[in-house]
Amino acid sequence: MANNTENKEPAKKSNFIHLQIEKDLKEGKNNGRVLTRFPPEPNGYLHIGHAKSICLNFGIAEKFGGKCNLRFDDTNPTKEEMEYVESIEKDVRWLGFDWEDRLFYASDYFQKLHDFAVKLIKEGKAYVDDQSSETISQQKGTPTRPGQESPYRNRTSEENLDLFQRMTAGEFDEGSRVLRAKIDMASPNMHMRDPIIYRILKAHHHRTGDKWCVYPMYDFAHGQSDYWEGITHSICTLEFEVHRPLYDWFIDQLMNSDYRPRQIEFARLNLTYTIMSKRRLLELVKDGHVNGWDDPRMPTITGLRRRGYTPESIRNFSDRIGVTKVDGMIDVSLLEYSVREHLNKTAQRVMGVLNPLKVIITNFPEDQDEILEAVNNPEDESMGKRKVPFSREFYIERDDFMEDPPRKFFRLAPGREVRLRYAYFVTCTDVIKNDKGEITELHCTYDPESKGGNSPDGRKVKATLHWVSAKHAVKSEVRLYDRLFNDEDPAGHKDFDFKEFMNQDSLQVLPECYLEPFVKDAKPLDHFQFERLGYFNLDYDSTPERPVFNRTVPLRDSWAKAQNNK
RNA sequence: UGUCCUGUGGUGUAAUUGGCAACACGUCUGAUUCUGGAUCAGAAGAGUCCAGGUUCGAGCCCUGGCAGGACAACCA
């Protein structure tokens, strides 16, 4: 019986943000409405850290009967591109979330933002500063020392208005002037020291084209976008915590009812042996250290998808790691556990030999083929069975044979009998070597009585080996991936560039692997378990003549672990 | 010598208005098995950063320390 409840996702774990929202709801805030948003900047591909945020924001909407918007934070045309917009939409959908008709862009609000800036100017709360960025930066002071006021701080609103209109009209060069909010140059919070809210950028914007010469800064665009969309809970990462007073300051200037969006910060995801900054990921892509954003070694959503991760496994992972304000580091093995868990229940089993060693059964009829029956997934009977061809010559894994086996090695060895999965018991009789003493072939005998994998006399064998009939084998390329970095925290070393910790052996290509014929019908991204080895999926690079498989993650292997611990 | 945030087993998270620190991953046993997988059963592992205080009772409250992180882009 198939157990349909097994694939159901467990109830979402609660977290401190849920608690705060419950409290807000109880207090009757925002008329009981809950609206969140996922606000990526389209300047790179989404990664597993974004997945955490996506699951959090859409998860909150789901839990509290609200909605979640997708909003592109596209206020910097020099870094943003349509390619990224498209990839982000695709990735969010693939993860299983739907923003319905609520797709927004900060650029939707450029006019309103500009109007708002004009309002601040008229109220004497914003001014045009003609100084260079260096000067402004110097006047800003340091975290421990207050800043100084700009000489342009007290211009009349008429003059400010005129200057800002001319900035908008493109009269001035980039960098020559900015619009600043007039708050407090002595504030202990750096972000309140007259933050820049508009800068001149004569760049082509992916949506508004050449319409604008001035663009709002993040702080000036984000909260206001939240406000205009009616966002109730604006969830962002810890580094924006110090921005919150500024977020609130702008909202204060805007508010005209009881409604107010609230910013709540949580700790971004850090994974061991992984980098999670778009800047660094871009560097890996641009400098060719990986083969693009969707390289299966990348922690990007597109990379994980290509690697063979499933949306369910990523969602489960997100739920398992929880949400807090503690800046921690999650072990990648937890991510791997999550895919294994899902794929174990869902992946089609198949046999494949990665490092082939030929075996000939000397007492098996020369031209005889047999068709054996194999279970598609022992965890899910409803997936049925399949036929697997068997013949006199086949391949086994080189690792499954040892000429001089140590005590705890259960697999094939001279004179030893093992089971070929779903096939026969075989006993190794001869080891054939070449001039160099390398093993090239094994001779075995088989017990015809053990067809299917069990001997009528009830005798036991200690190992079951996977195999692929030589004449029926589908020759494939298999790509094995290892972690991209050797260091737990590659970006955490002040004196070393993260690239110095790159694992030179993170990609291993095996050009000659043999798989059972069943895989011939596979489509890109189809998941398989190669029995006893791991989970694999078909790569986009496959051709009908030459399938290419990626190893998503190996199976847990207590034998290999015992060897490593020696 | 500022502001803000954080500090619970190896890792990540829990702990109703204070009530003998729970769960997951990992680790280690054992059972079972035609995947050395999966599954099942069990064990070890923290006394909650430190020091005081309030209380019958504190991981939760108070005081003072200590440690770590964020903030000085015309990035987000």
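Sequence lines set the chain letters: A, B, ... in the order given, protein chains first and strands last, and positions in each chain run from 1.
- Between A:L335 atom CG and B:U13 atom P there is a gap of 15 Å when expressed in whole angstrom units.
- Taking the P atoms as reference points, B:A46 lies 26 Å from B:G57, given to the whole Å.
- The aromatic rings of A:F116 and A:F220 sit parallel to each other, their planes meeting at less than 30°, with 60° as the upper class boundary.
- Using a 4.0 Å heavy-atom criterion, one finds that A:R193 contacts no nucleic acid atom at all.
- In this structure A:T142 satisfies the side-chain contact (heavy atoms from CB on, under 4.5 Å) test together with A:T144, A:R145, sequence neighbours excluded.
- For A:Q20, the side-chain contact (heavy atoms from CB on, under 4.5 Å) partners are A:F16, A:R262, A:I264, not counting sequence neighbours.
- Taking the C1' atom of each, B:A14 and B:C50 are spaced 24 Å apart, rounded to whole Å.
- A:R349 meets the salt bridge (Lys or Arg N to Asp or Glu O under 4.0 Å) test with no other residue; sequence neighbours excluded.
- Nucleic acid contact class of A:T464 (heavy atoms, under 4.0 Å, all strands): base.
- Between the A:R416 side chain and the A:R411 main chain, a donor and an acceptor come within less than 3.5 Å of each other.
- Without hydrogens or angle criteria, A:W467 side chain to A:R421 main chain gives a donor-acceptor distance under 3.5 Å.
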Dump the pairs, protein N or O against N or O of nucleotides 16-18 of chain B, anything under 3.5 Å, distances to one decimal.
none

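- No contact: A:E265 has no heavy atom under 4.0 Å from any strand.
- Ring geometry for A:Y395 versus A:Y514: interplanar angle under 30°, hence parallel rather than tilted (30 to 60°).
- Partners of A:T78 under the side-chain contact (heavy atoms from CB on, under 4.5 Å) rule, at least two apart in sequence or in another chain, are A:N76, A:L201, A:A203.
- With a 6.0 Å cutoff to the six-membered ring centre and a 45° limit on the axis angle, A:R37 does not count as a cation-pi contact of A:F104.
- Only the C1' atoms considered, B:U6 is 33 Å distant from B:A43, to the nearest whole Å.
- Side-chain N or O atoms of A:D319 include none that pairs as donor or acceptor with a backbone N or O of A:N316 at under 3.5 Å.
- Among the atoms of the strands shown, base atoms are found under 4.0 Å from some heavy atom of A:K408.
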I'd like a list of close polar pairs between nucleotides 24-30 of chain B and the protein, N/O only, cut-off under 3.5 Å.
residue: B:C25; atom: OP1; partner: A:Y337; partner atom: OH; Å: 3.0
residue: B:U27; atom: OP1; partner: A:K561; partner atom: NZ; Å: 2.5

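- Panel note: side chain A:E516, backbone A:M351; a donor-acceptor pair is recorded below 3.5 Å.
- At the heavy-atom level, A:V461 lies nowhere under 4.0 Å from the strands shown.
- Nucleotides B:U17 and B:C25 place their P atoms 28 Å apart, quoted to the nearest Å.
- Ring geometry for A:F528 versus A:F549: interplanar angle over 60°, hence perpendicular rather than tilted (30 to 60°).
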**OP:** Scan nucleotides 69-76 of chain B nucleotide by nucleotide, 5' to 3', and note B when protein non-hydrogen atoms come under 4.0 Å of the base, S if they reach only the sugar-phosphate, - if neither.
**Re:** SSSBSBSB

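- Without hydrogens or angle criteria, A:R340 side chain to A:P554 main chain gives a donor-acceptor distance under 3.5 Å.
- In terms of modelled atom types and a separation under 3.5 Å, the side chain of A:T274 and the main chain of A:N270 share no donor-acceptor contact.
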Residues 44-53 of chain A side chain polar contacts: donor-acceptor under 3.5 Å, at least two apart:
residue: A:Y45; atom: OH; partner: A:E83; partner atom: OE2; Å: 2.7
residue: A:H47; atom: ND1; partner: A:G49; partner atom: N; Å: 2.9
residue: A:H47; atom: ND1; partner: A:H50; partner atom: N; Å: 3.4
residue: A:H47; atom: NE2; partner: A:M276; partner atom: O; Å: 3.1
residue: A:H50; atom: ND1; partner: A:H47; partner atom: N; Å: 2.9
residue: A:K52; atom: NZ; partner: A:A267; partner atom: O; Å: 2.7
residue: A:S53; atom: OG; partner: A:N57; partner atom: ND2; Å: 3.3

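- Distance noted for atom C1' between B:U48 and B:A15: 11 Å (whole Å).
- Separating the P atom of B:C62 from that of B:C75 is a span of 41 Å, rounded to the nearest Å.
- Annotation: salt bridge (charged side-chain N to carboxylate O under 4.0 Å, His left out) contacts involving residues 190-204 of chain A, sequence neighbours excluded, comprise A:R153-A:D194.
- Closest to the side chain of A:T144, out of B:G12, B:G2, B:U35, is B:G2.
- In B:G64 the O4'-C1'-N dihedral to the base is more than 90° from 0, which defines an anti nucleotide.
- The base of B:U39 has none of its N or O atoms less than 3.5 Å from a complementary donor or acceptor on the side chain of A:E379.
- Taking the side-chain contact (heavy atoms from CB on, under 4.5 Å) definition, one finds that A:A560 meets it with A:D557, sequence neighbours left out.
- Helical stems of RNA chain B (runs of at least 3 Watson-Crick or G-U pairs, donor-acceptor distances under 3.5 Å) are listed by first residue: B:2-7 with B:66-71, B:10-13 with B:22-25, B:27-31 with B:39-43, B:49-53 with B:61-65.
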Nucleotide N/O to protein N/O under 3.5 Å, stretch nucleotides 31-33 of chain B:
none

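- Note on A:R532: a side-chain N or O is less than 4.0 Å away from OP1 or OP2 of B:G36.
- Looking at heavy-atom distances under 4.0 Å, A:F409 makes contact with a base.
- Taking atom NE2 of residue A:H18 and atom P of nucleotide B:A14, one finds them 10 Å apart after rounding to whole Å.
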